[in-house]
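Input: a single structure, listed below in C-alpha cells.
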Amino acid sequence: MVVSRSLFDEVMVPNYAPAQIIPVKGEGSRLWDQAGKEYIDFAGGIAVNCLGHCHPALVGALKTQADKLWHLSNVLTNEPALLLAKALVDHTFAEKVYFANSGAEANEAALKLARRYAKDKYGEHKDQIIAFKQGFHGRTFFTVTVGGQPAYSDGFGPKPEGIEHAEFNNLDSLRALINANTCAVMVEPMQGEGGVMPATAEFIKGVRELCDANNALLIFDEVQTGVGRTGELYAYMAYGVTPDILTTAKALGGGFPIGAMLTTTEIAKHLVVGTHGSTYGGNPLACAVALAAVTTVNTPEVLNGVTHKAELFKRELQRINDKYQLFSEIRGMGLLIGAVLNADYAGKARDIMLAGAEHGVMTLVAGMNVVRFAPSLVIPDADIVAGMARLEQAIAQIAAPTAKQA
Ligand SMILES: *Cc1c(COP(=O)(O)O)cnc(C)c1O
C-alpha cells in the first residue's frame, strides 16, 4: 500500500496539520523523506530527540531491553525503572521519582500531589494553584487549564477550579495573587511553547521566596528545558533555585515516550498507595532508553558542548539577521533558541518554517512570531553551519523584497 499524506486526511483525527512530507529515516541530525530528500533537523521532534535520531546508545539500550522484558505493570517493579530513578535521584535535588508516559501526565501527577500535600498538611481550603500567562503544561484538562493559554482550554465544558494566572517575569503580579490558600506555583524556567522566554534570575528567586512565605510548593515544569537542553542537566541548576517538585519528559526518553515527576521524600509520602498511578508508567523499555539518554547527556562533554553549539547557533542566526533584518531578538538558553520576528515580519514564523523545510532544514515555531530551534544536543558543528546556509536561502526567498542587502 502506498502511504501518502492524503491518507492522513482520510484516517486521522484532524487536530494536527502536518507538513506534506513524510520522513522515513533519521540518523544523527539528518532526516530523509519518502522521496529520499535530506533535511537537517533543527527541531529535534520539539526538543525531544536530545541525541538526534537513532543514537547508538539509545538503539543499543532499546534492543537489549527488547530481548529481555517489555512490560509488567506496577503490580511488579522492574530493574530499568529502579536504575533510572536512582540516576535521577543521584543527579538532582530529588529523593523520590514517579514515572508517567508524557509531560502532561508528569504535570498531572505534580498538581495532584501538590493538592494532596496541602490538604493533608493544612486543610481542604488550601487548594489554589498559580501558573503563568503564556505558560504551557500539557493537554489533559487539568494541565491545559493550568497552562496560561485559554485558547487551548476553552470549549470543553466546566474547567477544574482553583487555578489563577500571573504575568511571567513579573513578581508583583504573582505577589498580588499568592496567599495562604495557595498550594502550589507551577512555572517553566523558560517558557517554551509560549515563545522561548527565559525567566529572569530575580523572578525565579522571587517566586521561590513568595512560595516559602505562603507555604506553597514550587513546581518547575522542565518538560522542555530538562535533560541538558539549557546546558545543565536541569535548568534549575543554572538559577541556583531548587523546586519542591520538578517534571521532566520530552528529552528524557530521547524519542521514546516517558515522563517523570521528581520530588522530596517529605512531599512524596502524601501519594500513598492507591492515590495515583499509571499502567505504562515505569515501562522497562522506556526506562532503559531514558537511562541511556540521561547517562549520555549528563557528561561534561555533552553539556559543555551545548553551550558551545548554542553560541555557534546564535552567531549564525545573527549573521543571517545582519543581512536580512527580520529578527528583533535572538533569545533562549542553551539549545532552546527563539528568533523573534520584528514588526515587518509579524505573523510569518510558520512561513519561515515551511520555506525552511522546502530548502532542507527543519525548524519549529513558538506562536506566530517566533521561529524556534531545539536541535540535538550533539549536533555536529558542520550540520549547524550547513543547516543555517539552507535556512538563509529560505529566508532570502521570504525577505528579499525588503532586505537591506549587505
Ligand atoms: C511539551 C510540554 C508539555 C507537555 O508534554 P506532553 O509530553 O506533550 O504531554 C508540558 N510542559 C511543557 C513545558 C512542555 O514543553
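Just so you know, ligand 1 is whichever comes first in the structure, and atom 1 is the first atom listed for that ligand. Just so it is clear, the structure is predicted and the values come from calculations on it, not from any experiment.
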Close-contact set for ligand 1 against Asp221 heavy atoms, below 4.0 Å
10 (C), 11 (N), 12 (C), 13 (C)
Would Phe136 count as being in polar contact with ligand 1, using the rule that some N or O on each side must be under 3.5 angstrom apart?
yes
Of all the atoms in ligand 1, which lie at a distance below 4.0 Å from a heavy atom belonging to Asn107?
10 (C), 11 (N)
Using a strict cut-off of 4.0 Å, indicate which atoms of ligand 1 neighbour a heavy atom of His137.
10 (C), 11 (N)
Under 6.0 Å from the ring centre and within 45 degrees of the ring axis: does the NZ or CZ of Arg30 meet both conditions for the six-membered ring of Tyr39?
no
Numbered in order shown, the ligand 1 atoms found under 4.0 Å of a heavy atom of Gly138 are 4 (C), 10 (C)
Can you tell me if Asp41 uses its side chain to pair, donor with acceptor, with the backbone of Leu31 under 3.5 Å?
no
Heavy atoms, side chains only, cut-off 4.5 Å: are Phe141 and Phe156 in contact?
yes
Give the single entry among Pro257, Ala104, Gly226 that approaches atom 9 (O) of ligand 1 most closely by any heavy atom.
Ala104
So which bit of Lys250 gets within less than 4.0 Å of ligand 1, heavy atoms only: side chain, backbone, both or neither?
side chain
Need the ligand 1 atom indices (1-based, order shown) with element for anything under 4.0 Å from a heavy-atom of Glu188.
13 (C)
Give yes if a backbone or side-chain nitrogen or oxygen of Glu105 is under 3.5 Å from a nitrogen or oxygen of ligand 1, and no if not.
no
So, taking the atom named NE2 in His55 and the one named CG in Leu62, what distance separates them when rounded to the nearest 0.5 Å?
14.0 Å
Between Glu164 and Lys133 (salt bridge meaning N to carboxylate O under 4.0 Å), is one present in this structure?
no
Just to be sure I'm reading this right: ignoring hydrogens, which of Ala100, Gly194, Gly253, Gly103 gets closest to atom 5 (O) of ligand 1? Compare them by their nearest heavy atoms.
Gly103
Heavy-atom side-chain proximity of Tyr117 to Asp244 below 4.5 angstrom:
no
Between Ser102 and ligand 1, find which residue part has any heavy-atom pair under 4.0 Å and reply side chain, backbone, both or neither.
both
Does the pair Arg5/Asp9 count as a salt bridge with the N-to-O cut at 4.0 Å?
yes
Got a donor-acceptor contact below 3.5 angstrom from the Tyr122 side chain to the Ala180 backbone?
no
